[in-house]
Amino acid sequence: MGFFGDFKASLMKGDVLSLATAVVIGAAFGKIVGSAVDDVIMPIVGLLTGGIDFTQKFITLDGNSYKTLAEAKKTGAAVITYGNLVQAIINFVIIAFFIFVILRAAEKARKKEEVAYVTPVGPTQEELLTQIRDLLKK
């Protein structure tokens, strides 16, 4: 088999296709969660915190005071944008929660399948001996 034949065979393996599918679904899931965070959750967090926009929180390292992050960046000041870190942590927690919910649902579905295929087990040897003893006593 030639180079392209080997390449095609490698791509058609189940593991590679499963991985590619997972990456595509993960990217789409990330966009959904990003939208949920940016468009739904962060406005609620902002309302609860008095209108704070975390992405605009920063500390300048040059000692000067700037009204906005854009103004600080325009002057070329070195800034630590700790608000972006807070935003990333909130995104991570929400993504982890969504993944937990999905994995938990999948695990419950898997357990239901396992329960459906379990064959009933007969009585143990001790139970049989107890039943025989009780019958002999009668």
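Counting begins at 1 with the first residue of the sequence.
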Is it possible for you to say whether [X] and [Y] belong to one hydrophobic cluster, with membership spreading through side-chain heavy-atom contacts below 4.5 Å?
{"X": "V101", "Y": "L103", "value": "yes"}
{"X": "I90", "Y": "F100", "value": "yes"}
{"X": "F29", "Y": "F97", "value": "yes"}

Once you round to the nearest 0.5 Å, how far does [atom1] of [X] lie from [atom2] of [Y]?
{"X": "T68", "Y": "E71", "atom1": "OG1", "atom2": "CD", "answer": "5.0 Å"}
{"X": "F58", "Y": "K73", "atom1": "CZ", "atom2": "NZ", "answer": "10.0 Å"}
{"X": "D39", "Y": "I44", "atom1": "CG", "atom2": "CD1", "answer": "11.0 Å"}
{"X": "I132", "Y": "L136", "atom1": "CD1", "atom2": "CG", "answer": "7.5 Å"}

- Task: Give a yes or no answer on whether the side chain of S35 reaches the backbone of I32 with a donor-acceptor pair at less than 3.5 Å.
- Result: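 Judged by distance alone, no pair lies under 3.5 Å.
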- Query: Do side-chain atoms of T81 reach the backbone of N84 as a donor and acceptor pair under 3.5 angstrom?
  - Reply: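 No.
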- Query: When you look at OH of Y82, are more than 12 heavy atoms from neighbouring residues, nucleotides or ligands closer to it than 6.0 Å?
  - Reply: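 Yes, the 6.0 Å shell around OH holds more than 12 heavy atoms from other groups.
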- Query: Would the number of heavy atoms belonging to other residues, nucleotides or ligands and lying under 6.0 Å from CZ of R133 be above 12?
  - Reply: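 More than 12 heavy atoms, drawn from other residues, nucleotides or ligands, come within 6.0 Å of this atom.
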- Item | Residues that D134 engages under side chain to side chain donor-acceptor pair (under 3.5 Å), provided they are two or more places apart |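 If we apply the side chain to side chain donor-acceptor pair (under 3.5 Å) test to D134, skipping adjacent residues, there are no hits.
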- Run the numbers on R110 and E107 for salt bridge (charged side-chain N to carboxylate O under 4.0 Å, His left out), then give the verdict. CA-CA 5 Å; R110 187 176 300 130; E107 187 65 29; 3.0 Å; yes
- Message: Testing the basics here: between L69 and T55, what is the closest heavy-atom pair and its distance to 0.1 Å?
- Response: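 Looking at all heavy atoms of both residues, the shortest contact is CD2-O, 3.8 Å.
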- Shortest non-hydrogen contact between T60 and N64, atoms and distance: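 Nearest heavy atoms, T60 then N64: OG1-O, 2.6 Å.
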- Item | Side-chain heavy-atom pair L61, I80 within 4.5 angstrom cut-off |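 Yes, close enough: below the 4.5 Å cut-off.
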